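Worksheet for the structure shown next.
First the proteins, then the strands, lettered A, B, ... as listed; each starts at 1. Just so you know, these numbers come straight off a predicted model, no measurement behind them.
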Amino acid sequence: MQSLFGEEDFSPQTASLSFADVILPVPIPRMFTYKIPRNLLSEIQIGARVIVQFGRKKILTGIIGKVHNKAPQAYEAKPILEILDIQPSVNPLQIRFWVWMSEYYCCHIGEVMFAALPSGLRLSSESKVQANPNFDRENAPYPMDEREDKILDALEQNSELSYEDCEKVLGIKTIHPILKSLVTKEAILIFEKVQEKYTPKIETRVRLTKDFVSDRKSLETLFEELAKKPKQESILLKYLRDVPIFQSPKLNEKGLDKAKLLEEGDSESSLKTLIKNGVFESFKQLINRIGEVEPEKEAAKLSRSQTQAVQEIKGHFEEKNTVLLHGITGSGKTEIYIQLIQEVLESGSQVLLLLPEIALTTQIVNRLQQVFGSKMGVYHSKYSDNERVEVWNGVLSGRFSFVVGVRSSIFLPFDSLGLIIIDEEHEASFKQFDPAPRFQARDAAIMLAYFHQAKTLLGSATPSFESYYNASKGKYGYVQLTSRFGDSALPEFHLANLAADRKKNLLKLDSSRLLREKIQEALGKNEQVLIFQNRRGYSPYIQCEDCGWTGQCVQCDVSLTYHQFAEELRCHYCGYKEKVPSSCPACGSTQLSTMGMGTERIEESLTLLFPEARMGRMDLDTTRSKYGYQRILDEFGAGQIDILVGTQMITKGLDFGRVTVVGIWDGDRILNFPDFRAGERAYQQITQVAGRAGRRAEKGQVIIQTRNPEHSLFEKVLKGDYDEFFRQELIDRKKFFYPPYVKLVKITTRHTDFKKGEKAAIALHREMAKIPVKKIVLGPEKGLIGRIKNQYQFESLIKLERSGATQTLFKEKLGEILQELQAIPDFRSVRWIVDVDPS
DNA sequence: AGCACGCCGACT
DNA sequence: GTCGGCGTGCTC
């Protein structure tokens, strides 16, 4: 409606801030400017979620990133349609953090937003059409074509149609022009339905009314009255059985879930009568999906060395923001964490504890929950989105002042962090590979802590080179915990020479004599055995014994992996799968054999060798379900498994006194990783696995099977001197320009056409070489896997001088270069993937 | 990224 | 002629 004075409002407040830059979850490297309608002006806040139209028909949830008064010159800003938050879901600190992340990791802020917000906080939107009630089809002023008529026919049957419905009605994809024409002819209306996806779970509970709780006599009277009403009596009895109010009248307050009360077949109508008569009352309660847990246990008392470590950490925090706690496996880092967390929480600040994904379902979470009860939130990747929203909102409302979580929990809406702890900080899983943002959660957390003026504690038995280097340079404080808890001795290492055994014909199903002997010994004493098999870049495949055929993926340059359980060949890169052929597709031979040795094969071999032993396996396949991991751990803990075969995961969270033998099935596999970090990783892995052996009385035995027992790395690991190993490795890193002496950026160029991809990668190389910073540009090289999902890939590696200015300038220029290259017609469909600090 | 638009070949 | 293939450009 036009007012007498026109549309403009000249009051200074509104005139000054009438535009908002909105962050949208789309991969476009900028924010989008929208107009703030006057009626919404007072509600606009940085970090609030808003609904906007993006493009012709898309409706998106965005986050207000900035409010200003600069009307865009090049286009007419669209209005913000709706504000979803009275209290912003995202705080300004987070927005700063997002901006930092998008700049540091060379991605778009929308990609960060997409990763940060649980999808339950984004909205579903659907455009729908309805018939215009004021439109008279009989006397239409304009003629309708056949398709338009079809839509109108459909609308006579249904009150509303979604776009998809319309597509189906006409059987074509591009329906928008038709609908647009119908709108112009005023025959239909288009409306948007936006609903919040998140539905909090509400439970109906019942409890006794006050009179019956406070006065025991009235309850006795009630029983007399109910004597002739067995159905009602049965409900009352059951309630009292589950809620023993005589022991503690307080229990009545929480009541009992109505569904649970009725689950044994009691009728709802009897309960209704009881409620009507004022015996019970019903009430609704929001269910916390994580489960309400009261603190049960006091924190364990610290040992002397632990107390000392806490003091040292606090001492370093006086002048340094980050401290590395280097504590060998079993030295009791958790107690130290608990002590520090308690102190920070008491001071009124928040705490975040980051754990690697595979460690999160284990005892440590239970332990912490017993100490911190319901003020602790758990943020896990296996949680449903609803559960994530609950943790998010719990942090927002202050219900959770402490969160234990995986990598992505750094995005939770903390507003006053005092401490971030990163346990097992060396773990590679803190780095996100795909999709963008490709961030390293440990490094990002240190930045986050800086934004909060908080402290960061890194904990590891085998620190990453970066952290250890920073500690050795005095940038981080360094605290070492040496004594192993309960004084259990360090394990004894043995190298089992596979090559020698093979010559002497002692190899049985790829197991060495030594390993078999040690297993047999352990089984004889009713002790447990762990067998570790590194899986990365290594999986079983099928090969024809006659012609050498192996299953290849149709769209990637990789062999298909054999999955015995499903009798399938699968591609780990694109997910393609096919049934295992019964004969060789190339030559027809039926002699197909399994090559390589996955955990499945090892389990099979050991079953043959030790038929009396109870076997267990722990890998991606057996732990896929939410509680699969816990189940295996429980069984192992209860002694129902004698030999457990597993991947990486067995190095986490296992803390069982009866493990005395740990076997590393293929030690060479750990050494031969094609990466500058091979040595570091090997040291870490072997040490971590070995740490599972002999945790209590008995001295543990670690057997490493290898064809190169002379390899110098084994010697170093066996010595257990991390510092010496570190110093030797560093010499190489310095000589060949690798981290921590340089910063790495990896750029992958992808295209469906080999030649075009190669051309693009070379063009990129040429442009990057011109950037005026101290650097080395390597490549482009054909990717380790030449083709993924039908796209050929080429990799460039850039080694940058370790200075902030160099990195900033390089990333800035790189952004410009990529934009320019994408504008070249030939490179239009080339994909570039930038990975900063790849691991 | 999606998605609409536009220009071209295949086929009723 | 129409359909739908894919290359191109844009999203506030």
From CD1 of A:Ile28 across to P of B:dG2 the rounded distance in Å is 11 Å
Can we say A:Lys35 and A:Glu76 salt-bridge, meaning some charged N sits less than 4.0 Å from an Asp/Glu carboxylate O?
-> yes
Side-chain atoms of A:Phe32 come closest, of C:dT11, B:dA1, C:dT8, to C:dT11
(request) Indicate, with yes or no, if the rings of A:Phe411 and A:Phe439 have centres closer together than 6.0 Å. (result) yes
Separation of C:dT11 atom P from A:Phe54 atom CZ, nearest Å, is 9 Å
Rounded to whole Å, CD of A:Gln53 lies from C1' of C:dC12 at a distance of 11 Å
In whole angstroms, the gap separating P of C:dC10 from CD of A:Glu76 amounts to 19 Å
Taking B:dA1, C:dT8, C:dC12 as options, the one with an atom nearest any side-chain atom of A:Arg828 is C:dT8
side-chain hydrogen bond (donor to acceptor under 3.5 Å, both in side chains) test vs A:Gln793 passes for just one of A:Lys782, A:Arg750, A:His751, namely A:Arg750
Practice prompt. Return yes if some donor-acceptor pair links the side-chain N/O of A:Lys811 with the main-chain N/O of A:Tyr104 below 3.5 Å, else return no.
Written response: yes
Rounded to whole Å, CZ of A:Arg831 lies from C1' of B:dG2 at a distance of 14 Å
Sugar-phosphate, base or nothing in reach of A:Pro27, heavy atoms under 4.0 Å: base
A:Leu60 atom CG is separated from B:dC3 atom P, nearest whole Å, by 11 Å
Whole-Å distance, A:Leu24 CG to B:dA1 P, equals 16 Å
From OH of A:Tyr34 across to P of C:dC12 the rounded distance in Å is 5 Å
